[in-house]
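Everything below concerns the one structure shown next.
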Number of protein chains: 2
Amino acid sequence: MSITIKDIARETGFSVATVSRVLSDKTGFFSPQTAIIVREAAANLGYKKNMAATELVTQKSNVIAVIVNSTKTNFSDQIINGIQKRADEAEKRVIILYAGDRNERAQKIALSTALERPILGILLLSVDLFPSNLDILTSSQIPFYFLSISFKNNELNYISSDDQEIGYQATRYLLEQGHKNIGIAGLDITNSAHTGVLRFKGYQQALNESGITFKQHWLQTGDYSYESGISALRNYCLNKDVTAVIAASDLVGIGILNECSHLKINVPAELSIITIDGTNLCKLVRPQLSSVTQDFYRMGYLGTTYLINSAQNNAYTSIVINQRQSVQKISSTDY
Amino acid sequence: MSITIKDIARETGFSVATVSRVLSDKTGFFSPQTAIIVREAAANLGYKKNMAATELVTQKSNVIAVIVNSTKTNFSDQIINGIQKRADEAEKRVIILYAGDRNERAQKIALSTALERPILGILLLSVDLFPSNLDILTSSQIPFYFLSISFKNNELNYISSDDQEIGYQATRYLLEQGHKNIGIAGLDITNSAHTGVLRFKGYQQALNESGITFKQHWLQTGDYSYESGISALRNYCLNKDVTAVIAASDLVGIGILNECSHLKINVPAELSIITIDGTNLCKLVRPQLSSVTQDFYRMGYLGTTYLINSAQNNAYTSIVINQRQSVQKISSTDY
DNA sequence: ATACCTAGAGCAAACGTTTACAATAGATAT
DNA sequence: ATATCTATTGTAAACGTTTGCTCTAGGTAT
């Protein structure tokens, strides 16, 4: 049984009300000396506030629940740092819940864990909620925002990159380097969150603008994984026409890169690679991967800001192209 | 204002006590029909239990708080998976709290966030607590275990690898491959948790057993980071005698590897590398890094088991050597 | 002297649950 | 018919806070 406000009241001779007011800094409701006495007693007794009780009576909370996929998305750290920073500035606390790997049950557990206690709101980190779980969430009245995922309709709040713009910019960049046969690999174009279809759309748009006709095998779908990269590269080898490829994630990029090394294909001399995400992984491999880099930190920061201010808007965070070592210019005469 | 047990009581005509009993499955205290009626009403109204209230009265909780460093330790995912698995089996919930990057204040905030509500216990993931914060924790009466960190004395509970054994095994392995001049890089030998000094001790032990005299420059201290690896390699180049090096972490190993590539040193032909940890990163780079691999998943699983059963013991998890591509045998004639 | 204000403090209700205890009704045993 | 048991339900206290309201004593304005 731990120390409560009552113990302090008994110890100091004041009422619980007074003690409570001192300890929660309701300035103007107690004299300075009282405050000193109470605070000292609290410190001596090793008092620790019971938030469950506080939240029960105030009906509000200062904790933000962040739900993440356990699938190593390797950029979630950056988002979480942004969240943490903003939360800290606003004196909010954050707890993180794992929602498993696209697992309906695990998602539900994470959701319940969050929903079953008073919380400020929920941030979903690139978790693609099952419909049943989305229902639970929407009917809960708790504000929530999706991060790093966007939606077709604007019923759901999200903060992410503009995925179509990502596809477009990546393609433009490669075109500017003289590439004409450009692959796009590792992305999912059936996903309900439609990240993949948007990126593909941007890619096609850029191709069209340059008068290039898309060839079906240039698109190698996948699930943003390392393995997707490997199998994509193998398929490209069948036609041997692409000179550059857009990887749907850093892991896909590394998969492609490593399979190239395996097959003795020189990057970037024989194949240029640009990846989407731009996490630290790009700088860990050799050659370093050029990337269209997303501002994950800002996604977290902004999402948290919106949540705190209960702003009901969506937003895109900026993207930028980082030139490293995996893309090479080719002159048209090379063809 | 959300739906409470009272609303269900009013709706169904039963007392709150009965409703509570049905909803928390106190079998034997209600009739089957009552149960049906109550459950249906709960579902219809969209009832969601308020855990803050429950925890307040029962004085216990089914949530485990996990405190992690925000410093990308890239193996914490594995530990968390182990925790999550075990917690799930025992119907416990887990929340994760970020403790910043060796930041006293951030640690304290994370700790308070955990301590200020009813929780089952705390798991600390390779977080080296500041003394002041350790005080807070110990005086809280809440059970806690350190994961992936060990201590000299056995006052504190921990589950980790046997770091001395890691150092010993890594060195033995290299010796068996014919190496005699073996460096050890990127580890911290001042750290209070003394992971580094133990690994170094194991290393020296193996050296001694083989009758090799340790040279001071073979030890390149650091902070387990990528940068530590880079600067270690540069220092080794000053003497040009080491033929193999033990990297204190996968990131250190990659730092060494990349600096080798920068300086045109061939791995493993000219320099062998074995890293400690053995996370996925080892398989992402070329050549793939051989490693002494820790069983992080099991650390999490076991730690959680101990916490749940309030077993007051320490434990070491097993290690294993994974041969990949970064270590080469050298014949003694090479010298 | 009277009326009014203010600072500081206490009283008690409320938040949403759980649970010991009491109550009731029917069933069983004698 | 009486005593005893059992299954089901209700009553009310308790958990640790916060906060509207009340109270008192001293101060200020008239």
Side-chain angles (χ1 to χ4, degrees), chain A residues 1-39 41-42 45-63 112-113 115-119 140-142, chain B residues 1-39 41-42 45-63 112-113 115-119 140-142:
Chain A
M1 193 89 333
S2 56
I3 307 296
T4 77
I5 218 179
K6 269 185 200 158
D7 300 313
I8 300 177
R10 190 171 353 88
E11 195 77 9
T12 60
F14 291 105
S15 70
V16 291
T18 300
V19 174
S20 167
R21 286 195 262 250
V22 171
L23 261 22
S24 47
D25 257 334
K26 295 270 173 299
T27 355
F29 284 94
F30 51 82
S31 77
Q33 319 147 44
T34 308
I36 294 175
I37 298 174
V38 170
R39 293 215 180 88
L45 297 173
Y47 170 73
K48 197 127 281 162
K49 178 186 266 203
N50 183 332
M51 274 302 186
T54 304
E55 289 168 344
L56 185 57
V57 36
T58 60
Q59 300 280 54
K60 60 175 126 148
S61 165
N62 68 344
V63 355
S112 310
T113 308
L115 259 21
E116 277 176 357
R117 54 208 78 224
I119 54 172
S140 77
Q141 306 284 36
I142 302 247
Chain B
M1 193 88 337
S2 55
I3 307 295
T4 77
I5 217 178
K6 270 185 199 156
D7 299 313
I8 300 178
R10 190 170 354 87
E11 195 76 9
T12 60
F14 290 105
S15 69
V16 291
T18 300
V19 175
S20 167
R21 287 193 266 249
V22 170
L23 261 21
S24 48
D25 256 333
K26 296 269 171 299
T27 354
F29 284 94
F30 51 82
S31 78
Q33 317 148 44
T34 307
I36 294 174
I37 299 175
V38 170
R39 294 216 179 88
L45 296 173
Y47 170 73
K48 197 126 281 161
K49 178 185 265 203
N50 182 333
M51 275 300 187
T54 303
E55 290 167 344
L56 185 58
V57 37
T58 61
Q59 302 279 54
K60 60 176 127 148
S61 165
N62 69 343
V63 356
S112 310
T113 308
L115 259 21
E116 278 175 357
R117 56 208 78 222
I119 53 172
S140 77
Q141 307 284 39
I142 302 249

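None of the values given here were measured: they were computed from a predicted structure. Sequence lines set the chain letters: A, B, ... in the order given, protein chains first and strands last, and positions in each chain run from 1.
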Closest heavy-atom pair and its distance - Ser15(A), Ala9(A): C-CB, 4.0 Å

Which residues share a side chain to side chain donor-acceptor pair (under 3.5 Å) with Thr58(B), sequence neighbours left out: none

Integer-rounded Å distance: dG16(D) C1' and Leu23(A) CG: 12 Å

Length of the line joining Arg10(A):CZ and dG16(D):C1', which is rounded to integer Å: 13 Å

Value in whole Å for how far the P atom of dT18(C) lies from CG of Asn50(B): 10 Å

Separation of dC15(D) C1' from Ile3(A) CD1 (nearest whole Å): 16 Å

Glu55(A) and Val63(A), any side-chain heavy atoms less than 4.5 Å apart: yes

Nucleotide-resolved protein contact map, nucleotides 4-11 of chain D, B/S/- at heavy-atom distance under 4.0 Å: ----SBBB

N/O (side chain, Lys49(A)) to phosphate O (OP1/OP2, dT18(D)) under 4.0 Å: yes

Heavy atoms of other groups near Glu116(B) CD, more than 12 under 6.0 Å: yes

Presence of Gln59(A) side-chain N/O under 4.0 Å of dA14(C) phosphate oxygens OP1/OP2: no

Rounded distance in Å - NZ (Lys6(B)) to C1' (dT17(C)): 10 Å

For atom CD of Glu116(A) and atom P of dT17(C), their distance in whole Å: 10 Å

dT19(D) OP1/OP2 closer than 4.0 Å to side-chain N/O of Lys26(A): yes

Which atom of Ala52(A) lies closest to which atom of Pro118(B), heavy atoms considered: CB-CD, 3.9 Å

Enumerate donor-acceptor pairs with a distance under 3.5 Å from any side-chain N or O in residues 22-32 of chain A to protein atoms, sequence neighbours excluded.
residue: Ser24(A); atom: OG; partner: Ser20(A); partner atom: O; Å: 2.6
residue: Asp25(A); atom: OD1; partner: Arg39(A); partner atom: NH2; Å: 3.2
residue: Thr27(A); atom: OG1; partner: Asp25(A); partner atom: O; Å: 3.3
residue: Ser31(A); atom: OG; partner: Thr34(A); partner atom: N; Å: 3.3
residue: Ser31(A); atom: OG; partner: Thr34(A); partner atom: OG1; Å: 2.7

For Leu56(B) against Asn50(A), the heavy-atom pair lying closest together: CD1-ND2, 3.9 Å

Atom pair distance, as rounded to whole Å: NZ in Lys60(A) and P in dA14(C): 20 Å

Interatomic distance where CG belongs to Leu56(B) and C1' belongs to dT17(D) [whole Å]: 8 Å

Options dC15(D), dT19(C), dT17(D), nucleotide nearest the side-chain atoms of Ser20(B): dT19(C)

